[in-house]
Amino acid sequence: MDEADYAAGLEDDASTEPETVYDNVGEWVIDWLLPTYSRPLDDVAKFRWDPQWWRYPEVVMRLEALWISWEKMRLEGGPAIVVFYRDYLDPMMRTIMDPDGPFHTFNPHKEDPDGPREHLPEPLPHSPMPPGLMAML
């Protein structure tokens, strides 16, 4: 096999990457997650969900990781889907919907679900790292 054949093979491998069902995390959340995942939201001491989930960077990061995992694991079928629920979806949604989690500033009994958000969570504080610290690690 010469270099041209090898390069063509690499291109073929890249083009056979399976297509995703959803184009982005927003589509996945709206079309798959929300219709299939349900929890009682009347008691904010148990679960919290903000319909404007896309305003929370932590939630978007976590949901994007779930979406990418779902897209890959659905292709494996059978046990992979069980693993997705057990090891990925359920623990991540518990974290997202925890009353002390990323939606801790949202109270559906006090805020309009479609209105502006006055109080989004503050990022964690940090202090500047000493110069050269990362080079030592």
| request: Decide side chain to side chain contact (heavy atoms under 4.5 Å, CB included) for V44 and F106; before the verdict, give the C-alpha distance in whole Å, the side-chain angles of both, and the deciding distance to 0.1 Å. | output: CA-CA 9 Å; V44 296; F106 176 72; over 6 Å; no
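- I30 and I96 fall into different hydrophobic clusters, where Ile, Leu, Val, Met, Phe, Trp and Tyr side chains are chained together by heavy-atom contacts under 4.5 Å.
- In terms of the side chain to side chain donor-acceptor pair (under 3.5 Å) criterion, R48 has no residue partners (sequence neighbours excluded).
- Note: the hydrophobic cluster containing L41 also contains V59 (ILVMFWY, side chain heavy atoms under 4.5 Å, direct or indirect links).
- Taken together through direct or relayed side-chain contacts under 4.5 Å among Ile, Leu, Val, Met, Phe, Trp and Tyr, I81 and W32 form part of one hydrophobic cluster.
- The side-chain heavy atoms of H104 and P99, taken from C-beta on, include no pair separated by under 4.5 Å.
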message: Using side chain to side chain contact (heavy atoms under 4.5 Å, CB included), reason through Q52 and W54 one step at a time and then give a plain yes or no.
response: CA-CA 5 Å; Q52 296 182 30; W54 37 265; 3.6 Å; yes
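- Note: the hydrophobic cluster containing L137 also contains M129 (ILVMFWY, side chain heavy atoms under 4.5 Å, direct or indirect links).
- Sorted by first then second residue, the side-chain hydrogen bond (donor to acceptor under 3.5 Å, both in side chains) pairs that include residues 117-137, not counting sequence neighbours, are D50-R117.
- What you find for V29 and P35 is that their closest heavy atoms are O-CD, 4.1 Å.
- Residue M92 is grouped with residue Y37 when hydrophobic side chains (ILVMFWY) are merged at heavy-atom distances under 4.5 angstrom, including chains of intermediate members.
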Does the side chain to side chain contact (heavy atoms under 4.5 Å, CB included) test come out yes or no for L66 and W28, once each step is laid out? CA-CA 9 Å; L66 283 174; W28 181 77; 3.7 Å; yes
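- The list of side-chain hydrogen bond (donor to acceptor under 3.5 Å, both in side chains) pairs with a residue in residues 63-76, not counting sequence neighbours, reads W67-E71, E71-R74.
- None of L33, I68, L63 except one satisfies the side chain to side chain contact (heavy atoms under 4.5 Å, CB included) rule with V25; the exception is L63.
- When ring centroids are compared, W49 and F103 come within the 6.0 Å threshold.
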Could you walk me through whether F47 and D42 satisfy the side chain to side chain contact (heavy atoms under 4.5 Å, CB included) test, starting with their C-alpha distance in whole Å, then the side-chain angles of each, then the deciding distance to 0.1 Å, before giving a yes or no? CA-CA 8 Å; F47 301 105; D42 52 332; over 6 Å; no
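- The heavy-atom pair separating V83 from M73 by the smallest distance is CG1-CE, 3.6 Å.
- Expressed to the nearest 0.5 Å, how far CZ of R39 lies from CE of M93 amounts to 7.5 Å.
- By the neighbour-count criterion of 12 heavy atoms within 6.0 Å, atom OH of Y22 is densely surrounded, having more than that number from other residues, nucleotides or ligands.
- The CG atom of D90 sits 8.5 Å away from atom OH of Y85, with the distance rounded to the nearest 0.5 Å.
- The number of heavy atoms from other shown groups lying within 6.0 Å of CG (L124) does not exceed 12.
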